[in-house]
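Let me begin by presenting the structure, written as structure tokens, before commenting on it.
Atom set for the values below is all heavy atoms of this structure, side chains included, hydrogens, waters and symmetry mates excluded. Letters A, B, ... are given to chains in the order of the sequence lines, protein chains preceding strands, and every chain is numbered from 1.
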There are 2 protein chains.
Amino acid sequence: MTTKAELTSQYILEIVAPIFNKNGYAATSLSDVTKATGLTKGAIYGNFKNKEDLAIASFVFTVKNMLKRIGEHLLNSDSPIEKLYLITDFYRNYYDYSKELGGCPVLNIGVDANNQNSLLLQKVRQVIERIQDQVTTIVEEGIEAGEISAEINALYFARRLDTMIQGAIFMTYTMDDDFYIQDTMDLIDRMIDNELKI
Amino acid sequence: MTTKAELTSQYILEIVAPIFNKNGYAATSLSDVTKATGLTKGAIYGNFKNKEDLAIASFVFTVKNMLKRIGEHLLNSDSPIEKLYLITDFYRNYYDYSKELGGCPVLNIGVDANNQNSLLLQKVRQVIERIQDQVTTIVEEGIEAGEISAEINALYFARRLDTMIQGAIFMTYTMDDDFYIQDTMDLIDRMIDNELKI
DNA sequence: CCATAAATATACCGATTGGTATATTAAATA
DNA sequence: TATTTAATATACCAATCGGTATATTTATGG
């Protein structure tokens, strides 16, 4: 059964996670939190140990949303190579989608936590490694299935994919121009065509 | 002649710019500033209008350092195509170098200022556009000189270069792993070899 | 060397910070 | 419905925030 506190915790995260994601840790105050939720400090501190705990829970909350969404999108095909195309396809809509979350959590919190909050930074690294692991697995399955050239280093490709996508997200957000994401996805698609596909 | 205040302003920026770059605007307090410089608020506010003014001056200071350094590196060749290789060559040492500045100012302040400080964000955009303009010009000169294929869209290439480099910087800093920068520079070099070079 | 101006230090302001102890209210159980 | 417990609100804390007015020191030009 779900207690009232669990519902409240969930409600707080829904409201607060985009704020932390947008503003960063230091720029988000507890009065921002209470104002946005309409709750008092009593309710916040009853459900979260402290500000840091709330920030970490917020990051995890946002990432879960994101990973769930991309996971669902990848169900649209069983073919590994098609799954790679589905990844770029997913990110073609990422600017609009991620705006609802307050931006890309990996980029925002990754930069924000660097040199600031080692616990948060640790969480970001875990997420990045997890994403790269999943892409690596897809490529390896593609090689086994004979869809992808066996000469491809799956992990290296996963890292490159991730690096290019993060760069595109940063540029699109900073310049407020979706061109960067669209063009980068075109480029990645061509890389898959020319270098991976058998 | 250089007044004492000008020397002090310069001194403050040297000390404070890396702090703002590392921590971001909100996470840098005036007591951080006075503590690091050994000066008092009187000296700080005598030389800078307010915290925002100091943050902007800090960003400009860091970027000037960076652009000067890369500009000097590009003097090592007159050939446009060689200048492109010199860009990747410069970024191969970027992790160590930029650490002294407190990180990549474009990445850090770009993310930090998004949804926070529109004046700072404006400055970041100007820097990005300026860098892209310079790369665009190099490519166009390469085309004119017959070193680079005329089919290349110079601006698009400049944007791609920038996007990939920023992604690599983000990944290298977040994962504390220079692999991402080195691998991305390899990739860009290959792109120049295969797609630009005649 | 003195008068003036420039530069920096000091002391203070109200507002806000994250956090807590306690009072109050809402929910669950018997 | 009475009692207990869970959940939230209130009121407060010392510390720190960015900023300013004024006092003091340092540099400069006559």
Between P on D/dT26 and CG on B/L7, what's the gap in Å once rounded to a whole number? 17 Å

With B/T88 as partner, the option from B/D189, B/D186, B/T184 fulfilling side chain to side chain donor-acceptor pair (under 3.5 Å) is B/D189

Between C1' on D/dG19 and CZ on B/F48, what's the gap in Å once rounded to a whole number? 16 Å

Look at B/N47 and C/dT8 and indicate whether a side-chain polar atom (N or O) is within less than 4.0 Å of OP1 or OP2. yes

Is there a salt bridge (Lys or Arg N to Asp or Glu O under 4.0 Å) between A/D183 and B/R160? Walk through the geometry before answering. CA-CA 8 Å; A/D183 185 64; B/R160 261 185 202 168; 2.8 Å; yes

5'-most contact on DNA chain C (nearest-nucleotide basis), B/I44 vs A/Y45, goes to B/I44

Contacts table for residues 53-63 of chain A: side-chain donor-acceptor under 3.5 angstrom, sequence neighbours left out:
from, atom 1, to, atom 2, distance (Å)
A/D53, OD2, A/K49, N, 3.0
A/S58, OG, A/L54, O, 2.8
A/T62, OG1, A/S58, O, 3.0

Quick one: which of D/dT8, C/dG19, D/dT20 gets closest to the side chain of A/N50? C/dG19

All N/O contacts under 3.5 Å from nucleotides 14-17 of chain D to the protein, with atom names and distances to one decimal?
from, atom 1, to, atom 2, distance (Å)
D/dC17, OP1, B/S29, OG, 2.9
D/dC17, OP1, B/S31, OG, 3.4
D/dC17, OP2, B/S31, OG, 2.9

Do A/L121 and B/F179 share a hydrophobic cluster (ILVMFWY, side-chain heavy atoms under 4.5 Å, transitive)? no

Indicate whether the side chain of A/D178 and that of A/Y94 have a donor and an acceptor atom separated by less than 3.5 Å. no

How about NZ on B/K123, more than 12 heavy atoms from neighbouring residues, nucleotides or ligands closer than 6.0 Å, or not? no

Short side-chain N/O contact from B/T8 to OP1 or OP2 of C/dT8, under 4.0 Å: yes

Just how far, in rounded Å, is C1' of D/dT25 from CG of B/L39? 14 Å

